[in-house]
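Heavy atoms only: backbone and side chains are in, while hydrogens, waters and symmetry mates are out. We count ligands from 1, going down the list as the structure has it; atoms in each ligand are counted the same way.
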Amino acid sequence: MLQRSAQERSSLETLLPVYLDFQATTPLDQRVLERMLPFLSGPVGNPHSTSHLHGVSASKAVEAAREQIAALIGATPEEIVFTSGATEANNLLIRGAFQGKESAGKKSMVTSSAEHKSILEIAARLGASGSDVRMVSINSEGMIEPDQLAAAIDDTTTLVSIMAVNNEIGVVQPLAELANKARSRGAWFHTDAAQAIGKIRVNATDFDMASISSHKLYGPAGIGAAFMARRLRKRIEPLLLGGGQEGGLRSGTLPVALCVGFGAACEIASVEMEKEAFRLLELRDQFIAILRDRGVAFEINGSLKRRIAGNLNIYFPGVDAEALLMRVRNTISLSTGSACTAESLEPSHVLLALGLGTERAEESVRIGFGRSTTAAEILIAADALTKAVAALAKVGYKAPNMER
Ligand code: PMP
């Protein structure tokens with residue numbers, strides 16, 4: 001190996017460990033931080049106290065952010081309700097829809113087995129309290145079959161919820177086509193768009209309700225939004241009762257700095273999204289090519305073509321994923337799947353839904369590329385994985401009970 005200069009060595013050292021878990025969270029963009037700082041350091045009024053100028057300027061900042069968020073998906077500001085994140089938005093929109101007066105006669109929900117846990121848990125709760133919850137599966141590519149979805153919907157269906165982009169395999173669903181199946185039977189179409197918005201163009205006309213998360217698009221964590229078409233506003237029961245903020249749909253004082261950061265992140269994404277996706281696609285192709293060149297045995301889980309640019313989910317035959325993560329953890333930060341289920345060592349429900357079997361699910365890792373990913377990092381990551389896979393495949397090591 002070539003000797004590296006001291007400067008090169010130190011610049012490499014600053015890169016370690018390389019962050020490749022962008023589906024779990026995206027780091028705050030520095031430009032977003034700059035827009036937030038005045039609202040963190042200065043005297044900021046309560047945006048709901050508009051009897052004085054501090055409150056008025058806080059309120060203006062929040063409303064400007066709401067416009068930026070709405071603009072990113074082609075919605076109007078009054079269709080955006082701030083929440084603490086996508087989990088809360090999913091809860092508000094789905095549980096709120098089922099509790100709303102007008103869904104009283106209707107009792108069924110249709111969703112998929114590959115959804116995020118925050119949808120699956122809500123569906124389980126609705127099922128336990130008497131609603132009919134119907135699950136559709138994904139095919140081996142990770143796609144929902146529109147006809148299968150249509151077959152699960154009938155006149156009793158209040159709501160259909162299908163995620164826009166899967167958080168583990170990055171596969172993109174055809175929202176407009178799926179929404180048509182729901183709408184033609186008089187059901188509302190909700191999408192958990194946490195992994196989609198800011199990565200691919202998403203259009204509010206393609207669904208009735210959507211959940212958005214700021215920390216998946218380089219904004220601050222702890223803030224997100226529920227989009228609901230204007231005509232549905234009055235038909236959703238709030239989860240949080242109190243001062244009646246957000247038009248009564250979500251009581252509680254809004255965190256001004258977080259709203260401002262979320263709005264700024266949406267504005268940046270709106271300008272840069274396509275260019276960034278193109279850059280990430282090139283990096284991802286490079287990464288795959290390096291692994292192939294080095295003779296690493298691997299397969300991609302889910303469709304590579306119908307996937308966001310910043311995701312890979314890779315099966316390394318004979319290599320225990322937990323052991324692999326531990327082995328590379330000083331060099332690369334990556335995960336086996338959903339951060340929300342990282343505590344459990346259960347095989348990924350998404351990979352199982354693909355029909356891949358437990359063993360393959362336990363030998364697969366998720367790799368997420370993002371805004372700060374460089375070609376040098378791709379090389380470091382591919383190097384580390386090549387070595388670790390070779391070492392682990394040889395010993396056939398199975399992690400008994402790895403500490404995270
Ligand atoms: N849905 C999906 C698809 C996600 O990836 C996540 C984050 N893991 C969530 C919902 C939850 O988002 P938040 O952290 O904003 O509550």
Give the minimum heavy-atom separation between Asn311 and Phe369, together with the two atoms involved. N-CD1, 4.4 Å

Minimum non-hydrogen distance to atom 12 (O) of ligand 1, winning option of Ala86, Ala114, Gly224, Ala164: Ala86

Contact check: Glu88 vs ligand 1, nitrogen or oxygen atoms, below 3.5 angstrom: no

Do any nitrogen or oxygen atoms of Ser118 lie less than 3.5 angstrom from nitrogen or oxygen atoms of ligand 1? no

Gln195 heavy atoms within 4.0 Å reach ligand 1 at atoms 3 (C), 4 (C), 5 (O)

Residue from Leu312, Thr373, Ile378, Ile367 passing side-chain contact (heavy atoms from CB on, under 4.5 Å) with Arg284: Leu312

Under 3.5 Å, N or O to N or O, is Asn90 touching ligand 1 that way? no

So the atoms of ligand 1 within less than 4.0 Å of a heavy atom of Asn167 turn out to be 3 (C), 5 (O)

I'd like to check which ligand 1 atoms, numbered from 1 as shown, lie under 4.0 Å from a non-hydrogen atom of His215. 13 (P), 14 (O), 15 (O)

What about Thr87: any of its N or O atoms under 3.5 Å from an N or O on ligand 1? yes

Got a donor-acceptor contact below 3.5 angstrom from the Ser84 side chain to the Ile223 backbone? no

Determine whether the side chains of Ser211 and His190 contain a donor N or O and an acceptor N or O closer than 3.5 Å. yes

Got a salt bridge between Lys199 and Glu276, using NZ or NE/NH1/NH2 to carboxylate O under 4.0 Å? no

Which of the atoms in ligand 1, numbered in the order shown and given with their element, are less than 4.0 Å from a heavy-atom of Ala194? 1 (N), 2 (C), 4 (C)

Can you see whether Phe82 has Arg66 sitting over its ring - NZ or CZ less than 6.0 Å from the centre and within 45° of the normal? no

Basic-acidic side-chain contact under 4.0 Å: Glu272, Arg31: yes

Check each atom of ligand 1 against the heavy atoms of Met163 and keep those under 4.0 Å away; list them by number with element. 3 (C)

Counting only heavy atoms closer than 4.0 Å, does ligand 1 sit against the backbone of Gln23, its side chain, both, or neither? neither

Taking distance alone, with no angle check, do Ser213 and ligand 1 share an N/O pair under 3.5 Å? yes

Can you list the steps and then say if Ile73 with Arg201 is a side chain to side chain contact (heavy atoms under 4.5 Å, CB included)? CA-CA 7 Å; Ile73 60 168; Arg201 283 288 156 196; over 6 Å; no

